[in-house]
Amino acid sequence: MQTPSSPRTKPAARRAAAAEAAPSQDMIRLANVWKRYEHGRFVLQTIDLQVGRGEFVFITGPSGAGKTTLLSLLYGAEIADRGQVFIAGRNITRLRRKELSHLRRGIGVVFQDFKLLPRRTVFENIAFCQRAIGVSAREARRRVYAVLKLVSLAEKRDLYPRFLSGGEQQRVAIARALVNRPPLLIADEPTGNLDPEMANEVMDVFKEVNRLATTVVVATHDRSVIEYVGSRTVRLEFGQIMKVGA
Amino acid sequence: MQTPSSPRTKPAARRAAAAEAAPSQDMIRLANVWKRYEHGRFVLQTIDLQVGRGEFVFITGPSGAGKTTLLSLLYGAEIADRGQVFIAGRNITRLRRKELSHLRRGIGVVFQDFKLLPRRTVFENIAFCQRAIGVSAREARRRVYAVLKLVSLAEKRDLYPRFLSGGEQQRVAIARALVNRPPLLIADEPTGNLDPEMANEVMDVFKEVNRLATTVVVATHDRSVIEYVGSRTVRLEFGQIMKVGA
Amino acid sequence: MNRWLQSFPYFFGEALLDIRENRAVAALTIVTTTISLIFFGALWIVQVNVSDLIGNWRERFQVEVFLKNKITSTEKEAIKSAVLRSESVERVAERTSDEALKKFREQLGPNAGVLDGLGEAFLPSSYRIILRPGWRTMANIESLMARVRVMPGVERLRNDLTWLRRLEGAIQLIRLAVWTISALLGLGVLFIIANTIRLTLFARRDDIAIMHLVGATDGFIRTPYITEGVLCGACGGIAAYASLMLLYYAFFLPVLSGFSAEGFIVRPGGWHLGVLLVGVGASLGFVGSAATVSHYLRKQRE
Amino acid sequence: MNRWLQSFPYFFGEALLDIRENRAVAALTIVTTTISLIFFGALWIVQVNVSDLIGNWRERFQVEVFLKNKITSTEKEAIKSAVLRSESVERVAERTSDEALKKFREQLGPNAGVLDGLGEAFLPSSYRIILRPGWRTMANIESLMARVRVMPGVERLRNDLTWLRRLEGAIQLIRLAVWTISALLGLGVLFIIANTIRLTLFARRDDIAIMHLVGATDGFIRTPYITEGVLCGACGGIAAYASLMLLYYAFFLPVLSGFSAEGFIVRPGGWHLGVLLVGVGASLGFVGSAATVSHYLRKQRE
Ligand SMILES: Nc1ncnc2c1ncn2[C@@H]1O[C@H](COP(=O)(O)OP(=O)(O)OP(=O)(O)O)[C@@H](O)[C@H]1O
Ligand SMILES: Nc1ncnc2c1ncn2[C@@H]1O[C@H](COP(=O)(O)OP(=O)(O)OP(=O)(O)O)[C@@H](O)[C@H]1O
Ligand SMILES: [Mg+2]
Ligand SMILES: [Mg+2]
């Protein structure tokens, strides 16, 4: 895995890549962040969090604690009600729409519910991400094959998501998050449908990606996965950070 | 939990309920079942499986082994290519469409991907199942509240599924499977999005339901859940049953 | 049936929900249905009025026997009685030379001056033969004319036969056109409503699959969609009726009265038309949706 | 722009995919657009032909000066030169008493027999004044007539003034109707295409959200839908043109030739009409879809 080199990677992402050379800056910085959904109580409160470039961090906590919400702040799907969210040094709430699009090209996300496009095959689901950032059709094909092999799904490439098992769909989502070789990888419960062996394989891929300078943030319930990787763990409970483990 | 008593429970389900008095008959019996999807290899091969009334069985195995496929044979979403599938003594491949509908009213299913109706609230998602089997609106409301409390989601009853966290959606799916008090409960990876404590709580509910004569079949990867319950485990690998654990 | 009635509020509610959530399609469908039914209704109005008009014209149809100037009264009587003997004749009216001139003057209108100073009796007198209704077919008329033409004292015959022939042709043509276009419009509406229901089913395919999985029967699943089709069709009918009445009273009537030189009055269809349009709309809605849903559910089974 | 062209196959493919997957709605839209554009085209044909027809009538418009029987040739010359002096007159044609009678006979047709044996010269001779094109307005005509009416030797004047007045009114009315209906039809098509795109967007809302999340820009997301709108509109235009030509050559022309006693020929629009219909359809498609997509994406942002 290398830093992003796609021809259309634009200012935000390029700056992010450039800043990697200066690791003094954090990849993620949340300062006193509060978040609530319409007509609800605060789902996140007084969140302070820093993740350095090249770090591997787990977010854990009970169901409904706010893990998914916290992650969605990082790629701008939700906007904090109070506080600041900096990604690669840029204040994400201040970005214009186009800038946000370009920033997102530098972030790979594995969604908890996969969010695969139902009317596209496995191959197209992943290739599409490459096309959207302007990679040529040929180059995209090459990269998609490579990443599908990584999650042992090369033979399923022409199937539609609905013809896949739960775990296979999850691996497609993982492959899609990896294909753009993003400087930041965010994964929400990426092993919920995987057996322990497969889960460990995926974690091996994440560790490898991390070794090649990608910052990794994983939300999970799965204690054995956390133990397997053994990196920093942030525990959320009722929307607040409880303790920062080793 | 009691045996099904809804006014519209029809022959198939009623017979199933009646047969409960004669536990000599199996709830589930698969005899040399083969199954493949169009244009694919066989996903299930030579499956022989018996589950007695009132049993609690785990199905486990790696991603893509065929667990979901096996379960889908039990409620008639898929039809075996070879072999026989008996549910409560009835050959499911022989049922006419209407009979199948009535049989399904006696089976609660937790789907791996939840299958909640997106345009209905949590409450309606569950109440709808009761309405479909002809329970009066009032009675349905009472039962839905009771079952929502069981999965700690009473306060989320008026939200749409997309406003719930992954674990909360999963618990709605569990509540829906329980609300008709089915003689047979089938759950596919029901704890994939739940933290270990919540997973154990759900297993406590399943055990309680099982104690009240419901047959329970759970497909899962989660070893801690299997250990927590400690009942019979069937392991699938590449579409075949490998070993039957204690 | 009783249970069906009991569940009706549920089905109706579901149908309304579907329409609300799919309101873009529903609106499109109702608008297209309305337009089709407007044409259908307009055709109906046209047909009714053309039938009336043609009835009128037929009523006025007659054969005129011009008599020689020097005809004897015996000859005149012979002609009259011969004509009256024919079954197809209702009555015979004599038109004297003076009356003919007066009529001719009327026809000439402002140019009648050209006749001034001409002899009073230069136009021949004639018998106008009024035919019995139902006997005004071409065959009858031709045989009557053949008989009369050869009688002594007859100068020549005049009739509206070519006109009648054209009229009959026109009537056939109009009827054919009306039926063809109506059938096409009906098919169009059927297609559109079936399409809407197909779209709704498509949008709801996950819901329907889930409903099946939890044990709902086909009947339970089907009814809201059929209700939706009937509602759309009926709405189209109501809207079409309202539009036609509006068009008629607000636009057509004032404009027509400006041009009403012809004394030709177009009547709208009245409440019959309303019932017809709503009935046709609802029926097409029922057939279209029932067929689509049944087909969809049958396909699912396989 | 260059990149846009490069991506065009992708956008076009996506648009076709959308149309294929949403073919029910697309079909409905194209059909409705086609119907609207058929009416639009028919109106255009009607307007062009009515303009021609009216031009024809106007061409034939004239004032006739009937001369006294005992007019002197000096008076005749005085009248002619007075008329010719007027700017609005193109030429003056004399019609002798004989010619007038011949014309009258022609008009009477089969009934011309009534004139047999009358004096040859009982109709007055007259001057027909043919007006210069562009000078055939009511004001000009009325002033000319006022001048001529009082001259010695003039019996009376005849003109088609009431007819002209009616015609001008009819032209105004038709023009107004054509523009109003065209505008309404255009709005209708706009609404329908916008609706289709809205439906497509609705069906694709998850896709669009996911595309945004993985970093696709608005432009990238927007273009396939706009292409789809333009395609639908253009297809409607093509279909409408084809239908109109078919209607004209297969149905209207034969029927009309049966009734062509009037010598009145309706011309179809030719390829101009085709270009017009496709252009209007595509433009409406562009505007409708672009507005809807932009609105949708703007709403998403909030
Ligand atoms: N779009 C939304 N609108 C309203 N409330 C929401 C929305 N999304 C989440 N919530 C609520 O916010 C709370 C936190 O949700 P979140 O998805 O962040 O939890 P989580 O930690 O990811 O849980 P899980 O482990 O079950 O996925 C939950 O109570 C949920 O009901
Ligand atoms: N509808 C389908 N059409 C074609 N192939 C399918 C279909 N559903 C599943 N498969 C294939 O069948 C195999 C078994 O799938 P199944 O869903 O039964 O696995 P599973 O054991 O439930 O896996 P997981 O633990 O990942 O959910 C997989 O290889 C999958 O790709
Ligand atoms: Mg979550
Ligand atoms: Mg599965």
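Residue numbers start from 1 in every chain, and the chains themselves are labelled A, B, ... in the order their sequence lines are given, proteins ahead of strands. Fair warning: this is a prediction, and the values are worked out from it, not measured in the lab.
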Query raised in the report: Should A:R119 and D:E14 count as an ion pair when the cut-off is N to O under 4.0 Å?
Result: no

Requested in this report: Write down the atom of D:M211, the atom of A:F128, and the distance for their closest heavy-atom approach.
Outcome: CG-CZ, 2.9 Å

Query - Heavy-atom side-chain contact between D:T217 and A:H102 under 4.5 Å - result: yes

Requested in this report: Would you name the heavy atoms of D:L213 and A:R104 that are closest together and state the gap between them?
Outcome: O-CD, 3.4 Å

Requested in this report: Check each atom of A:L116 against the heavy atoms of chain D and say whether the ones under 4.5 Å are side chain, backbone, both or neither.
Outcome: backbone

**Report entry** Test item: A:F111 and D:I210 side chains (from C-beta on) under 4.5 Å apart, heavy atoms
**Finding:** no

Report summary line: Answer key: most heavy-atom pairs under 4.5 Å with chain A among D:I221, D:V214, D:D207 is D:D207

Requested in this report: With the side chain counted from C-beta on, respond yes when A:R97 and D:D218 share a heavy-atom pair under 4.5 Å apart, and no when they do not.
Outcome: yes

**Report entry** For the student: nearest non-hydrogen atoms of A:S101 and D:A216, plus distance
**Finding:** OG-O, 3.2 Å

**Report entry** Over 12 non-hydrogen atoms of neighbours within 6.0 angstrom of CZ in D:R205
**Finding:** yes

Query raised in the report: CZ of D:F286: more than 12 outside heavy atoms within 6.0 angstrom?
Result: no

